[in-house]
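So that the names make sense, note that chain A is the first sequence line, chain B the second, and so on, each numbered from 1. Any value given below was found using the heavy atoms of this structure, including those in side chains, with hydrogens, waters and symmetry copies removed.
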Amino acid sequence: MASEFKRTLVTAALPYANGPIHLGHLAGCYLPSDIYVRFKRLKGEEVAFVCGSDEHGMAITMKARKEGVSPREIVDRYHFMMRDALADFGIAFDHYSRTSSEAHHKVASDFFKTLYDKGVFEARQTDQYYDPEAEQFLADRYITGTCPRCSHDAAYGDQCEQCGATLNPTDLINPQSTLSGATPVLKATTNWFLPLDKFSDDLRRYITSHPEWKPNVYGQTLSWLDAGDGLQPRSMTRDLDWGVPVPVQGAEGKVLYVWFDAPLGYITAVQELKGQDWETWWKDPSTRLVHFIGKDNIVFHCVVFPALLMQHGGYILPDQVPANEFLNLEGQKLSTSRNWAVWLHDYLADFPGQQDVLRYVLTATMPETKDNDFTWADFQQRNNSELVAVLGNLVNRVMVLNHKFCGGRVPAPGSEPQDLEALAAVAIQSARVSEALEAFKFREALGHAMDLARVGNKYLADEAPWQTVKTDQARTEAILGVATQLVAALAAVFEAFMPFSAERIRVMLGGPPALTFADLAGTGPWVPVGTALGESALLFQKIEDDQVEAQRAKLHAASAANPTSMTETSTPLAPLAPEITFDQFAPLDLRVALVLEAERVPKADRLLKLTLDTGIDRRTVLSGIAEHFAPEDVVGRRVILLANLAPREMRGIESQGMILMADNPETGKLAFVQPDGDLPVGATVR
RNA sequence: GGCGAGGUAGCUCAGAUGGUUAGAGCGCAGGAUUCAUAACCCUGAGGUCGGGGGUUCAAUUCCCCCUCUCGCUACCA
């Protein structure tokens, strides 16, 4: 498949240094990349595997500001935390770098300078939004407003998540700073833009030359080229003081856009790893470049980064970008801000030494083609009925039988037809595993590996050495010889998926040499006959109901406690709105009203039509609460009504006022604001 | 209402350029067995492949309509 390539450079998305690593990161990116790399090494191919912390960008400066520390302190904290967590799970990077290093600053700076000197960028003086209260220019992500295309009222400055439009902050209607809540003001500044629109044809040629990409990657990438007006120029610099300074005269106070500098971290990491030889890995067309990422990164790795590489010249382009979808947790999206996550360091504290159980379960439910759900019940079941019952049990019974009947040494395998058939399964299954992994089908590959353990269990049941031992010692040893070879092969077949367990199997087998997939394609032996076996130990432990229950309880407790000030990164509480005067407040006529009737509005999912008694009149008010309350739930409630709001017609019905509701930021649920005590209908609120 | 994705065994999912008895793992039932973490091995039950219509010799697979689920959206939080 990749025969024209001599070596493979594998990158895993640089994790952003503003929080720890959770199970979604592992399943989406780090685990598949690690499995792939380990597999390639087992095939004897030359591979380099790099990653590192992504440490720039405004989100980090904001977190630092919030905690009253420097950005450096933030990135140091998470850089080491992430690096260690990934290492603890056996993610075998050849090098883990970081973008705040001097080396990376030079790489990014030089890369930018080269493009600049080539005249690739278009310098544009533009009016950018500036937050007068926070005294800084605002990153796209920190401005919200109404989308000009679909009128969504919470579009971000770079993108509208509702209609998918790519935006510039100035496109937004009614912009607001999410830093201070202030209305940002326009201020002139010069930035350097990458005219992606000019590169559309090249990009299209590049992408359509890769129809083998996964449908989600290929489709989404092309849709960016085809969408609306096509690609738009993007600014590659920002007005910010944390990042790689723009290496251009007159660019003081500006840094490279984090999405410009982050992918270059892959280059820095290879330079640090390979020294002088780095160009072999980045510029020789016989090197295959593979990016493992989550689906949120597709556009940058398939459009922006290739465009940069093309314009620079001399670099190879990504040949494969096997992006995964997202992993949910117990039916809900993982969320750092809501603390709905399983952190890697937490998992290891509760399940010490059981990295492979999580690696196995996450591989078996990997979101390869669509979003998937991780549940603790599934985790328990897969551990108990697959790892313990099928794989662990086989290894254990072979060990025990060997010690019992064969003096603890590896016996010579038999050569009856059924013996040869069982041994042949190694070549067959390992070939299937190999084929699936070459195609980035990790779930399927894992299933083929587990099938080999099933072959072993069936072989033992069929041959029953505990029976033959009563009459035929030679046959007994022959059977166990076959079974032991299968176990040795299993260590190799599972190596890429569960390296810790594979190593433990090898230790139990007396430390045979590590195998390659070429070895597995043969007929063995995979552990030398006569080798003295080591101590037998259980490979996997059963997981009991109370452990699973404890994990679920922990998850919900952490979510409920939701220490937003500690973990908040993406969806903070709504910022304080701009100051108003009493004179601006006074005109509001707020009063207590009683809901007399309520009914759903046809063809509107959210609207309830309410009939209210305000004390002075009866009126109809439409309220967008149908998703949270049934009509019968609201009849008889006393509510707070904004009574002098101008009437507005929706769905052909005139709404005469507005009910006040509170929005629970944790759950997103609406709640009534209710008058305390026995306030009469018509009472005013001030 | 609109856009997108999807509805295949109790559960999680494969699959089918349309063509003999639609698959896997788990779960369940029965059997066998005892080397093994009551695990393993065998057998079985269980599906009108969401519903209806169309094209076709033949559709679960193609087309249309409907329905339900999920995400987002239009609609005063």
Side-chain angles (χ1 to χ4, degrees), chain A residues 147 149-154 160-164 216 219 223 325-326 328 331 333 364-365 368-373 375 377-378 380-405 441 443-444 446-448 450-451 453-454 456-469 476 479-480 483 536-544 574 601-608 610 621-628 640-642 645-653 655-664 668-673:
Chain A
C147 175
R149 185 161 127 184
C150 70
S151 300
H152 173 54
D153 64 0
C160 173
E161 300 202 329
Q162 313 316 337
C163 69
N216 57 335
S223 79
E325 302 287 302
F326 285 150
N328 292 327
K333 281 175 84 162
T365 59
E368 288 174 0
T369 54
K370 59 179 177 184
D371 289 359
N372 255 342
D373 196 24
T375 66
D378 185 56
Q380 176 191 31
Q381 184 166 298
R382 285 187 186 276
N383 178 76
N384 292 356
S385 63
E386 295 176 30
L387 289 180
V388 172
V390 177
L391 178 58
N393 187 35
L394 173 67
V395 172
N396 184 235
R397 59 203 298 219
V398 169
M399 287 302 297
V400 170
L401 288 166
N402 265 323
H403 279 295
K404 220 176 233 179
F405 301 150
K441 294 179 176 174
R443 305 210 298 186
E444 184 190 324
L446 187 64
H448 290 313
M450 196 51 101
D451 283 343
R454 295 195 165 92
N457 277 317
K458 179 165 170 50
Y459 175 80
L460 276 189
D462 289 347
E463 299 306 311
W466 49 92
Q467 290 292 351
T468 63
V469 74
T476 304
I479 293 166
L480 287 171
S536 175
L538 294 180
L539 215 45
F540 302 103
Q541 309 289 329
K542 275 210 150 196
I543 291 172
E544 305 298 337
V601 176
K603 297 189 179 180
D605 296 339
R606 283 192 202 149
L607 291 181
L608 285 188
L610 308 177
V621 170
L622 295 178
S623 183
I625 58 175
E627 288 173 328
H628 302 277
I640 307 296
L641 173 72
L642 176 57
L645 185 66
R648 174 166 159 180
E649 187 172 301
M650 286 172 283
R651 295 276 151 206
I653 302 168
S655 178
Q656 303 161 309
M658 177 172 120
I659 308 286
L660 297 195
M661 303 294 293
D663 180 7
N664 184 326
K669 298 248 176 193
L670 296 181
F672 281 99
V673 178

Given atom [atom1] of [X] and atom [atom2] of [N], what is their separation to the nearest angstrom?
X	N	atom1	atom2	value
A:Q656	B:C76	CD	C1'	14 Å
A:L607	B:C76	CG	C1'	8 Å
A:K542	B:A38	NZ	P	6 Å
A:Q467	B:C41	CD	C1'	14 Å
A:L608	B:C76	CG	P	13 Å
A:H448	B:A14	NE2	C1'	11 Å

query = Can you find a pair of side-chain heavy atoms, one from A:M450 and one from A:L387, that are under 4.5 Å apart?
reply =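 Yes. Closest side-chain heavy atoms under 4.5 Å.
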message = Side chains of A:I659 and A:I625, heavy atoms from C-beta outward: is any pair under 4.5 Å?
response = no
Set of side chain to side chain donor-acceptor pair (under 3.5 Å) partners for [X], sequence neighbours left out:
X	value
A:E544	none
A:D451	A:R454
A:Q656	none

request  = For each nucleotide in nucleotides 24-30 of chain B, reading 5' to 3', give B when a protein heavy atom comes within less than 4.0 Å of its base, S when such contact involves only the sugar-phosphate, and - otherwise.
outcome  = -SSS---
Considering only distance and modelled atom types, tabulate donor-acceptor pairs under 3.5 Å from the side chains of residues 396-404 of chain A, sequence neighbours left out.
| from | atom 1 | to | atom 2 | distance (Å) |
| --- | --- | --- | --- | --- |
| A:N396 | ND2 | A:S536 | OG | 3.4 |
| A:R397 | NH1 | A:N457 | OD1 | 2.8 |
| A:N402 | ND2 | A:V398 | O | 3.4 |
| A:N402 | ND2 | A:T484 | OG1 | 2.8 |
| A:H403 | NE2 | A:G534 | O | 3.0 |

inquiry  = With salt bridge (Lys or Arg N to Asp or Glu O under 4.0 Å) as the rule and sequence neighbours excluded, what pairs involving residues 384-395 of chain A come up?
reply    =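 For residues 384-395 of chain A: A:R382-A:E386.
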inquiry  = A:K542: which residues meet the salt bridge (charged side-chain N to carboxylate O under 4.0 Å, His left out) condition with it, sequence neighbours left out?
reply    =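 Expected list: none.
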request  = Select from A:D462 and A:W466 the residue whose nearest nucleotide in RNA chain B is closer to the 5' end of that strand.
outcome  = A:W466
message = When the P atoms of B:U8 and B:U55 are compared, how many Å lie between them, rounded to an integer?
response = 28 Å
key: Base-pairing string, 5' to 3', of RNA chain B - Watson-Crick or wobble, under 3.5 Å, | interstrand   = (((((((..((((.....[...)))).((((.........)))).....(((((..]....))))))))))))....
Minimum-distance nucleotide (side-chain atoms of [X] versus [options]):
X	options	result
A:A461	B:C35, B:A39, B:C41	B:C41
A:M658	B:U37, B:C76, B:C41	B:C76
A:V400	B:C76, B:A39, B:C35	B:C35

Any side-chain N or O of [X] under 4.0 Å from OP1/OP2 of [N]?
X	N	answer
A:K458	B:C40	no
A:K441	B:A14	no
A:K404	B:A36	yes
A:R648	B:C75	yes

request  = Go through the structure and list residues passing ring-ring contact (aromatic ring centres under 6.0 Å, His included) with A:F672, not counting sequence neighbours.
outcome  = A:F629
